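Below is one structure, written out as structure tokens; the observations come after it.
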2 protein chains.
Amino acid sequence: MTKKEDEKQEYAEVPPKKHPEQEPEPRPRRERKGNADMRRRQLVAATLDSVAKNGLARTTLATVAGEAGLSQGVLVFYFKSKGGLLAAALHAKYARYQEIWQAALDAAGPDPLNKLLAVVEADFTPELCDPEALATWFAFWGEHRFTPQYAEIAEEFDANRMARLTEVCLDLTRQNGGAEDASRAAQMVLWIDTFTDGLWQKLHLNPQGFTRETALSLALEFVHDVIVPRTER
Amino acid sequence: MTKKEDEKQEYAEVPPKKHPEQEPEPRPRRERKGNADMRRRQLVAATLDSVAKNGLARTTLATVAGEAGLSQGVLVFYFKSKGGLLAAALHAKYARYQEIWQAALDAAGPDPLNKLLAVVEADFTPELCDPEALATWFAFWGEHRFTPQYAEIAEEFDANRMARLTEVCLDLTRQNGGAEDASRAAQMVLWIDTFTDGLWQKLHLNPQGFTRETALSLALEFVHDVIVPRTER
DNA sequence: AATTTTTGATTGAGCGCTCAAAATAACTTT
DNA sequence: AAAGTTATTTTGAGCGCTCAATCAAAAATT
């Protein structure tokens with residue numbers, strides 16, 4: 001059917017916010033100067049909003065349509081099924097995540113340690129550590145095994161992230177150890193990613209008593225105390 | 001339908017399997033020497049089987065009843081709602097987990113490092129790292145934020161685990177550092193738990209290319225290389 | 001006038017849950 | 001022990017409801 005739903009996304013600005021309790025306006029006067037892609041992005045954003053607010057189990061075509069201020073029919077028109085819509089939403093979620101850490105990486109200058117710290121720090125920005133945002137990740141991850149499409153999307157983005165992180169860590173070993181050490185770099189990436197994943201999980205499961213700031217400082221401390229020493233001969 | 005029911009729980013032995021297309025057998029001859037608790041355990045086990053196999057989204061009263069070889073009505077009879085059944089299943093899942101790591105802890109002898117290693121190792125037994133078992137955790141965790149009952153259950157068990165682990169780590173600092181250091185012990189527990197949580201996540205999201213054995217050796221290496229040095233003055 | 005986009009009533013499947021009746025077990029009386 | 005009585009457990013058809021998906025018609029755009 002459809003192979004490529006969408007690529008990286010700079011969200012469509014969400015147009016008319018519907019106030020659900022309001023009386024039906026006679027003419028919604030819908031501006032549609034945008035093309036199909038913009039509408040798709042709007043609907044995907046509405047989907048993510050619904051998942052963040054209601055969870056996957058209580059996200060229906062009706063909740064998404066309500067969030068977008070459009071009818072259910074239009075969802076099926078642009079994405080052929082609810083499954084396609086959810087897959088597109090997960091793709092957009094990963095794309096946004098990639099956008100964030102890549103921007104941090106690009107802004108970090110040439111020093112590999114700075115690069116690594118920038119990427120780690122990006123994992124704990126307010127946008128990513130928002131409880132609803134985390135809940136969305138876990139909602140999808142909870143269905144990973146039963147929806148292979150989700151796993152494919154994750155793998156695609158994860159491979160890229162791992163590759164870029166490995167480059168950085170390879171630079172780090174090259175700088176500090178003299179000779180580059182691929183296996184050591186690979187393990188460093190694994191350790192960092194494992195630790196930050198664990199911190200996300202703690203933030204998700206125990207949001208009170210474990211703040212974003214705590215997680216961030218733990219992650220940075222981990223890099224300094226555990227990763228950096230491993231780059232030195 | 002059912003291939004291997006389960007072994008560790010002492011279920012009521014499941015009565016005769018019903019073949020739906022077959023003519024009605026004259027006497028199903030249901031032995032019910034068990035009491036209500038045994039039936040409850042059987043139904044909870046069937047629930048976990050269904051979640052492991054189908055995920056939370058596709059687990060219905062019908063799938064659970066089918067797994068148990070009983071009717072849907074009996075589920076509502078013993079647990080008043082589907083929600084109550086799922087909560088009981090999550091509770092049982094946590095209870096089994098606690099059983100496993102506590103047994104490892106009790107069997108580990110007096111040395112605190114041995115205790116710590118035993119608990120960490122227990123996290124990576126085949127039973128716990130089975131893909132379906134991991135998927136079950138993540139299925140429930142994906143709904144945590146939208147089902148406060150799940151969060152309450154998790155907190156109850158997690159608090160106990162943290163307390164016991166902290167005792168062990170406190171012993172460790174006492175032994176290696178001379179004076180006990182509560183804040184350091186607390187951080188050690190946090191680090192270990194974060195890291196093992198992250199490993200579980202990697203096992204769940206990337207089951208091929210990341211084996212149980214790999215995760216176990218990474219966890220043990222983490223304790224030796226990161227945790228142990230932190231206990232020494 | 002032709003095309004694209006949107007609507008919303010409708011359909012049919014599947015869901016949780018109810019409940020009267022049946023089956024079984026437990027208890028009492030003979 | 002046997003029969004009769006009560007209590008408990010199990011069934012499964014069915015109710016009301018929600019859901020994803022359909023589709024003919026309407027609206028908006030080209």
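Only a predicted model underlies this, so the values are computations on that prediction, with no experimental measurement involved. Naming: A, B, ... by sequence-line order, numbering from 1 per chain.
Atom-to-atom, CG of B/Leu43 to P of D/dT9 comes out at 12 Å; the value is rounded to the nearest Å. Look at CG on A/Leu75: it is 13 Å from P on D/dT22, rounded to the nearest Å. Distance A/Met38 CE to C/dT6 P: 12 Å, rounded to the nearest Å. Atom CG of B/Asn35 and atom C1' of C/dT24 are 16 Å apart (whole Å). Here the C1' atom of nucleotide C/dA21 and the CZ atom of B/Phe77 are 15 Å apart, to the nearest Å. We find that CZ of B/Arg39 is positioned 13 Å from P of C/dT24, with the value rounded to whole Å.
For A/Glu155, the CD atom is loosely surrounded, since the number of other residues' heavy atoms within 6.0 Å does not exceed 12.
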Its contact letters, B for base, S for sugar-phosphate only and - for none at protein heavy atoms under 4.0 Å, make nucleotides 15-20 of chain C read SSBS--
As a quick check of understanding, evaluate side-chain hydrogen bond (donor to acceptor under 3.5 Å, both in side chains) for B/Asp123 and B/Tyr97, giving each step before the final call. CA-CA 9 Å; B/Asp123 267 358; B/Tyr97 176 53; 2.7 Å; yes
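Atom OG1 of B/Thr166 is separated from atom CE of B/Met188 by 9.5 Å, given to the nearest 0.5 angstrom. Distance CG/B/Leu128 to NZ/B/Lys93: 7.5 Å, rounded to 0.5 Å.
Here the nucleotide nearest the side chain of A/Ser71, chosen from D/dT10, C/dT5, C/dT7, is C/dT7.
Between A/Tyr94 and A/Trp137, the ring center distance clears the sub-6.0 Å criterion.
Using a cutoff of 4.0 Å between basic side-chain nitrogens and carboxylate oxygens, A/Arg212 and A/Asp130 are not scored as salt-bridged.
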